[in-house]
Each structure stands twice: as structure tokens, then as C-alpha cells.
Amino acid sequence: MPYKETPKMMIIRGLLQVIVVYILCKYGDMYGYQIKLHIEKLHKKKIPHGVMYTTLKRMVKNGLLSPYTKEGKTFYKVTPDGRDFLRNHLYILDNVDEIIREILGYCSVAFEKQDLGKE
């Protein structure tokens, strides 16, 4: 593979902020490791700690999340701007879903024909 990241990780990195806001909206406030575990469950693969905490820090800086300390841990809460961020990404996610379906449809037919031609 000529690139360092796996294709799956490239896609997850691009969606990570949307996924974090979604998880916090759905399940409530969490600390970083809890968020990481939820993402890994969805992703079915480990997320590097550095990626997770850099993303959380960026999201706080951009006003999407608000941190607070509880029981010695930093918890994250979605801000109103974070909810707007998720709402604004619904169109993009829907559009990406259509693009992915088109790519999968094309590739399944193209690769099937290609594989059949090899027999």
C-alpha cells in the first residue's frame, strides 16, 4: 500500500468530529477514553490516543465541545454550536452515503465482470 494510513482510518479521521458529536448527543457527556471506546466499537478498530485527544482539543478550541472536570477526569459536553455542527453535516453525510452507494454499485459490477473474465 503506497500510503501510510489504511483507507478505513482515512475515512474515520475525516468524520471523527461528526462521530464525536453524534456519540455525545446520543449517550450524554463522557470523558475522552469513553468516547474513544464508543468510536472503536463503531469502527471495529483501535483509534490512536493521539488522534482522539488532538481531535477533542481541536473541538473545544472551535467551540463544539465544552470540557469540565468531574471525579478527576475531563468530561466533554456538546455545545449549542456542536449541535448545529452535527445538524449542518446531515446533508453532507446523506450526500456521502449516495456517493458511497454509487461507488459500491459500480465496483461490485466492474470487479465481478473482471473476475469472471479471468476464469
At what distance, to the nearest 0.5 angstrom, does CD1 of Ile35 lie from CD1 of Ile47?
12.5 Å

Between Val78 and Leu64, is a side chain to side chain contact (heavy atoms under 4.5 Å, CB included) present by the stated rule, with each step listed?
CA-CA 6 Å; Val78 177; Leu64 303 177; over 6 Å; no

Whether Thr74 side chain and Pro67 backbone form a donor-acceptor pair below 3.5 Å
no

Exam field: side chain Tyr53 to backbone Tyr33, donor-acceptor pair closer than 3.5 Å:
yes

In Å and rounded to the nearest 0.5 Å, what is the CD to SG distance from Glu102 to Cys107?
10.0 Å

With a 4.5 Å heavy-atom cut-off, do Asn62 and Asp81 have their side chains touching?
no

Minimal heavy-atom distance between Leu86 and Cys25, with the atoms involved, is CD2-SG, 4.2 Å

Find the distance between CD1 (Ile39) and OG1 (Thr55) and round it off to the nearest 0.5 Å.
8.0 Å

Look only at the side chain of Thr54 and the backbone of Val51, and say whether a donor-acceptor pair between them is shorter than 3.5 Å.
no

Just grab all the ring pair (Phe, Tyr, Trp, His ring centres under 6.0 Å) pairs involving residues 71-104, residues at least two apart or on different chains.
Tyr31-Phe75, Tyr68-Phe75, Phe85-His89

dist Leu93:CG -> Tyr22:OH (nearest 0.5 Å) comes out at 11.5 Å

What residues, two or more places apart in sequence or in another chain, satisfy salt bridge (Lys or Arg N to Asp or Glu O under 4.0 Å) together with Arg87?
Asp84

Is there a side-chain contact between Leu56 and Val60 (heavy atoms, below 4.5 Å)?
no

